[in-house]
Amino acid sequence: MGGVEEDILQLNEKTLWTGGPGAREGYDYGVPPAGDQVAAYRQVQQRLNAQGSLSPEDAAELMGREMKGYGHYQNFGYLRLILAGEEEEAQEEVSDYRRELDLTNAVARISYRRGSVEYHREYFYSYPDGVLVMRLSANERGQIHLRAQLELPDNRSREYQLKNKRLRVNGHLHDNGLAFEAQLALQAEGGELYTPADSELPQLAVRGADSVTLVLAAGTDYAQRYPHYRGAHPHARLTRTLDAALTYTPDVLYSRHQEDYQALFGRVALHLQGVMPAIPTPMLLANYGSDSAADRALEQLYFQFGRYLLISASREGSLSANLQGVWNHSATPPWNADYHVNINLQMNYWPALVTNLAETTGPLYDFIDSLVEPGRVSAKKLTGASGWTLFLNTNIWGFTGVIAWPTAFWQPEAGAWLMQHYYQHYLFTGDKKFLRERGYPVMQDAARFWLDALVTDPRDGKLVVSPSFSPEYGNFTRGAAMSQQIVHELFTYTLAAAQKLGDQDFAEQLRPALAQLDPGLRIGRWGQLQEWKEDLDEADNQHRHVSHLYALHPGEQIVVSRDQELARAAQVSLNARGDGGTGWSQAWKINLWARLQEGERAHQLLSEQLKHSTLPNLWGTHPPFQIDGNFGATAGIAEMLLQSHAGRLHLLPALPSAWSQGEISGLRARGNITVDLIWDGGKLTRARLHTGSAGDILLNGRYRITHKDAELTVRHNKADTLFTAQAEQTYILHPLAKQSIHH
Ligand code: FUC
């Protein structure tokens, strides 16, 4: 929190959750322990066939269930640093206070002056070492006085131990017995270590030091394994982690952290002609919309902040980013700070591939993989289908059932929606091994669920999802647009994967189903893309979910250059929904307008989001704080500058006039391509493509292409350019002027 007399660091560890197996009130993964719910599900299907629709309340009455032992993501606790020095020093005024988060280095810094002494504090988390490192120093010797203590919320037991300059606290959550531990080590240069006599909690203490380094490791006995989710007590692991970290000097720890972090963060640079004024960030945000150079600086910062947040919230070996990333100070956070899968978890990972952070996706795939087993039980017990699925929300304990909240509880397409991430990973990286070993097995099992669960619509003989609900609005019906679009995408991707991997049998199962599937694309009476199979849309409905536009983004069923009528209908719907909404809703709309190639509107939505859905520290807000808005908007900014869906590379597809001059480097495109762009006067001046794999590249626009200074033979077709790239090569693109297109 950056105080002068006292600083408080609020700590989080993503596996510290109440609920789950061992929860006091009992836990059943969201499915009834005995019997099944299939009869209720069939009854809803029959009622829909008989009467066409059913209120969400009636559907929830029949199929919903109370959540039991679901749990909440927890605050780990607080590290309090008591920094007050000797009496006479405390009299002196503090000046030149500065607190910063340095995104380039992922370091938080605090500095100030008191009398003649300049104080510095530096905090970072080293991923390669698994520790939080805190350095306190001053420009004069003997000036650092520090007492450090660890404070924990009430809902757990605790035991402290102070030994060999190390403070250890461990205990169990009262609710589920989850074991946790933190170990804090202190190293001082100069000064005198002592044991304060007057403190309530055990403290590590030093007075008169030249500098102090604190190193902290924390963990729990959570293991991501159904059904028990518990592993070894963290004590031995944390002791090893901390011992290993302490073999390095603070400088070495810092450079290890920096090397690791910058290898990811440093891949993408964005310049929008921004000039950063020397004012605090909350003021920069408050002034947004008044000064163009400062506005551009905020937009650049906000884009990179999203990448910083994703790197910080989602590294291999840990859980995926939740509704608050990792950052939660409450024992009962909003929506349990869980994983909602009717937009939120997916949106968290939208920027991962395109902004060159593929390494952050491991936790998502591990998490999804861990849901397959419980998701099979839920599928069977709740719908009678094989394969796996989940519904609206999930936790770290394999919750894959339904809840009793009428307006959102039913979303069995959630599992299918997550499959998009595996296939897109393959499209971006070209990694066939990943597709074979990680993606395809899970996709196939999700497709199995839908092969079983789809029903024939008596109205037209098409395969539809029933019961189907459009998050989070309207009645239960058969074949709502989003349900159909998602299942259509799943079958399309799984079929493509089956063909690539030579699984003819499964391809043969999918092909007829895909042919009979209602694709969920209809244009309604006021020119809108229909949200339901029947033309029920109301033009004044400004609901935050724009579910039926899934086909435009994040899906790729509607491609502007190919499907003009559907794209127009999507635009009509999007206009009707308006530019408002919660953080994630506005972030989604940036992406949707970008896909419609409407740069001005995309930028307007970004502005709306910065003005209305962003907190002073630049966190997204629903309200309250929810991280998906940050991630969705970061992806949206990338989507404005580069698109590569539907087999075509589109450079600057939605450039707004506010960004008439700029540069971006290091974005990733599908096909394993790294893209750098430079533009001026609202037009591309030069692009550079680095290809990781060989293959044909279809570009939107006409270009002259050079490779190793020689001009390449390309094919121009209407407004496209096609060329064959070799692996690991760099191509320079020069846009051809309009007149040369017509000669
Ligand atoms: C979905 C949204 C809500 C919220 C919640 C966490 O249900 O409709 O707005 O974001 O997830």
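In listed order, ligands and their atoms are each counted from 1. Side chains included, hydrogens not; waters and symmetry mates left out as well; all remaining heavy atoms used.
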Check each of Gln411, Met347, Glu472 against atom 2 (C) of ligand 1 and report the one with the nearest heavy atom. Glu472
For [X], take its heavy atoms, then give the atoms of ligand 1 lying under 4.0 Å from any of them.
| X | value |
| --- | --- |
| His622 | 3 (C), 4 (C), 9 (O), 10 (O) |
| Gln626 | 6 (C), 10 (O) |
| His545 | 2 (C), 8 (O) |
| Arg544 | 3 (C), 8 (O), 9 (O) |

Kindly determine whether Glu359 and Arg315 satisfy salt bridge (charged side-chain N to carboxylate O under 4.0 Å, His left out), including the steps that lead there. CA-CA 7 Å; Glu359 288 82 350; Arg315 295 297 296 278; over 6 Å; no
Is there a nitrogen or oxygen of Asn344 sitting under 3.5 Å from a nitrogen or oxygen of ligand 1? yes
Nitrogen or oxygen atoms of Asp628 and ligand 1 under 3.5 Å apart: no
Partners passing salt bridge (Lys or Arg N to Asp or Glu O under 4.0 Å) against Lys533 (at least two apart in sequence or in another chain): Asp457, Asp460, Asp518
Which residues pass the ring-ring contact (aromatic ring centres under 6.0 Å, His included) test with Trp388, not counting sequence neighbours? none
Any heavy atom of Thr582 under 4.0 Å from ligand 1? The part involved is neither
Hey, does the side chain of Arg24 reach the backbone of Gly19 with a donor-acceptor pair shorter than 3.5 angstrom? no
Does Arg156 qualify as a cation-pi partner of Phe180, given the criterion of NZ or CZ under 6.0 Å from the six-membered ring centre and within 45 degrees of its axis? yes
Residue among Phe476, Phe391, Phe469 satisfying ring pair (Phe, Tyr, Trp, His ring centres under 6.0 Å) with Phe409: Phe476
